Protein chains: 2
Amino acid sequence: MNKTETLEPLLTALCGAPPPSQLAGHLAALAQEVRVSRGGSAPLDHRRDLFVYIAQGSTKLVASASAGREQIVAFHFAGDIVSVPAHSLHSYSLNALEPTHLLIFPASEMHAAIAGNPAVLTGLLQRVLTALHRCRDKAVGLGRKNAGERVASFLVGMAERIGHAEGGEITLDLPMSRRDIADSLGLTIETVSRQFSEMRSAGWLRTQGRAHVRLLQPATLAAHAGHVELRSP
Amino acid sequence: MNKTETLEPLLTALCGAPPPSQLAGHLAALAQEVRVSRGGSAPLDHRRDLFVYIAQGSTKLVASASAGREQIVAFHFAGDIVSVPAHSLHSYSLNALEPTHLLIFPASEMHAAIAGNPAVLTGLLQRVLTALHRCRDKAVGLGRKNAGERVASFLVGMAERIGHAEGGEITLDLPMSRRDIADSLGLTIETVSRQFSEMRSAGWLRTQGRAHVRLLQPATLAAHAGHVELRSP
DNA sequence: GCGCGTCTTTGACCAGGATCAATGAACGGA
DNA sequence: TCCGTTCATTGATCCTGGTCAAAGACGCGC
């Protein structure tokens with residue numbers, strides 16, 4: 001599969017229609033195509049703003065504060081677009097959770113390339129807005145939720161993105177480790193593990209191996225996620 | 001001053017040139033113009049995604065988790081654009097920190113209006129990206145920094161946005177209360193107050209009344225903000 | 001200029017989650 | 001299949017920041 005073909009799902013998703021092949025070619029020329037193995041980090045040029053398209057696999061965007069403390073800012077799955085800023089306050093890196101296939105674009109050149117296509121530009125804006133809204137929800141969790149609520153939020157959020165519904169239950173295969181979950185939720189691995197144990201004994205979920213989780217009571221879990229209850233219109 | 005005139009600085013900032021008057025008129029027709037007094041909240045329609053332009057004044061974007069816990073997701077000042085999503089996980093409101101003048105746009109109609117102008121669309125994308133990157137930096141602070149680092153980050157960040165440099169010092173007039181600062185940093189007012197006291201006695205800053213702060217040692221403060229030290233290229 | 005209400009500061013104590021430590025389970029390679 | 005390493009779990013203890021409480025400062029309206 002060549003770069004242009006890899007790009008097609010991206011362009012289709014962005015503008016909601018088959019893309020003009022000329023644009024696809026133009027973008028393909030800008031892209032750096034990379035395959036990263038599990039645990040590896042994407043070869044990012046941190047002097048410029050970038051967009052990264054996750055063609056296959058999944059990644060974590062990791063920010064480092066001083067003293068080696070790490071905060072995972074977001075997880076991404078196939079089809080997602082990640083905006084990676086040039087280094088400023090914190091140092092960012094993009095790491096693969098499993099064998100992953102990426103296309104890396106310099107932001108300014110990508111802007112220029114798609115400037116003539118409002119549909120694509122609007123689609124990209126929409127993706128960035130979604131990322132912003134997710135990031136805000138994460139900030140609420142980090143600032144104002146306790147350990148149990150954070151883990152519940154995480155599980156409910158992952159269920160929405162990569163879960164498979166089976167009757168009233170949802171099964172999940174988490175590509176990230178307990179450490180990744182902890183680094184995403186602003187907790188330690190021990191605390192995350194304790195929360196999993198409590199939820200297991202409460203009958204809310206069952207685990208099988210490291211990665212496989214079955215949410216037995218998704219609604220209960222969601223209720224404990226500390227989300228505001230939506231008032232009916 | 002009419003709506004179109006209020007819009008001009010926005011459009012100029014977005015596309016880096018005097019705007020086509022036709023577009024300004026079109027956008028002005030979409031905008032709901034509102035003046036909100038100190039402490040008041042903007043009359044937002046939470047059923048649709050919105051953009052809000054802060055023409056004058058300053059605001060806080062507040063998210064409510066359940067149990068009345070509030071997290072301030074961002075502060076905004078004159079010239080900023082805020083994206084406010086329709087309610088989902090958390091309930092958002094936009095509150096004025098001082099008498100404030102706003103223009104409220106429905107996001108979808110704004111998209112349609114500026115679709116024909118790539119420069120404006122790209123400018124808007126740039127603003128949203130800046131908001132995303134700020135939000136990520138905030139997430140790092142909320143997830144992985146202690147109280148002292150959070151307050152130091154806050155002060156350094158505000159100094160960049162609304163500070164006045166005087167010699168090696170920076171003076172600030174904070175429009176937000178200690179409670180706002182606490183709700184922004186995921187702390188309590190008591191903890192914020194204690195951090196201010198410590199920094200005062202360390203000689204890092206001086207306060208005068210509620211709002212006026214003089215950073216005596218901005219560099220020391222920045223060093224304690226827990227940001228990663230930039231390695232030289 | 002005065003007085004009251006609100007916001008801030010300070011103190012004492014408490015608790016949730018971090019840290020330190022050790023055991024146990026999973027996975028991958030030989 | 002077995003073994004070794006890594007990852008997850010559980011337990012004991014500590015500490016940062018939250019909670020409760022009270023006094024003090026600020027600023028607004030009269």
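Per chain, numbering begins at 1; letters A, B, ... match sequence-line order. Please read all numbers here as calculations on a predicted model, not as lab measurements.
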Of A:R144 and A:S193, whose nearest nucleotide on DNA chain D comes first from the 5' end? A:S193
By side-chain hydrogen bond (donor to acceptor under 3.5 Å, both in side chains), A:Q126 pairs with (sequence neighbours left out) none
Do B:D80 and B:R161 meet the salt-bridge criterion of a basic N to acidic O distance under 4.0 Å? yes
I need the CD-P distance between A:E190 and D:dG11, as an integer number of Å. 14 Å
Measuring from A:L50:CG to A:R47:CZ, what's the distance to the nearest 0.5 Å? 10.5 Å
Write down the distance between CG (A:L174) and P (D:dC7), rounded to a whole number of angstrom. 16 Å
Hey, what do you get for OG (A:S66) to CG (A:L89), rounding to the nearest 0.5 Å? 11.5 Å
May I ask you to say whether B:R69 pairs ionically with A:E149, meaning some side-chain N is under 4.0 Å from a carboxylate O? yes
Results of ring pair (Phe, Tyr, Trp, His ring centres under 6.0 Å) for A:H224 - residues two or more places apart only: A:W204
Checking side-chain hydrogen bond (donor to acceptor under 3.5 Å, both in side chains) for the pair A:R150/A:S153: CA distance, chi angles, key distance, verdict? CA-CA 5 Å; A:R150 293 188 203 187; A:S153 289; over 6 Å; no
Which is more 5' along DNA chain C, the nucleotide nearest A:V192 or the one nearest B:F196? Just name the residue. B:F196
Identify whether any heavy atom of B:S177 sits under 4.0 Å from a base atom; if not, whether one sits that close to sugar-phosphate; answer base, sugar-phosphate or nothing. sugar-phosphate
Check whether NZ of the Lys or CZ of the Arg A:R178 lies under 6.0 Å from the centre of the six-membered ring of A:F196 and within 45 degrees of that ring's axis. yes
Have a look at B:V52 and tell me which of B:L103, B:I81, B:V34, B:L44 forms a side-chain contact (heavy atoms from CB on, under 4.5 Å) with it. B:L44
Distances under 3.5 Å between nitrogen or oxygen atoms of protein and nucleotides 12-17 of chain D:
| from | atom 1 | to | atom 2 | distance (Å) |
| --- | --- | --- | --- | --- |
| D:dG17 | OP1 | B:A147 | N | 2.8 |

For the NE2 atom of B:H212 and the OG1 atom of B:T207, what is their distance to the nearest 0.5 Å? 9.5 Å
State the NE2-NE2 distance between B:H90 and A:H227, to the nearest 0.5 angstrom. 4.5 Å
Distance (rounded to the nearest 0.5 Å) between A:E70 CD and A:N95 CG: 8.0 Å
What does the inter-axis angle of the helix from C:dG1-D:dC30 to C:dA30-D:dT1 come out as, five pairs per end, nearest 10 degrees? 60°
Expected output is a numbered-order residue list: members of residues 200-218 of chain A with a heavy atom under 4.0 Å from any atom of DNA chain C. What is it? A:G209, A:R210
Rounding to an integer number of Å, can you tell me how far A:L97 CG sits from D:dC7 P? 13 Å
Separation of B:R178 atom CZ from D:dA25 atom P, in whole Å? 15 Å
Provide, to the nearest angstrom, the distance between the CZ atom belonging to A:R179 and the C1' atom belonging to D:dA8. 11 Å
Assess whether a salt bridge exists between B:R214 and B:E166, defined as any Lys/Arg side-chain N lying under 4.0 Å from an Asp/Glu carboxylate O. yes
First contact, last contact: which nucleotides of DNA chain C are these for chain A, 5' to 3', heavy-atom distance under 4.0 Å? C:dG17 to C:dC27
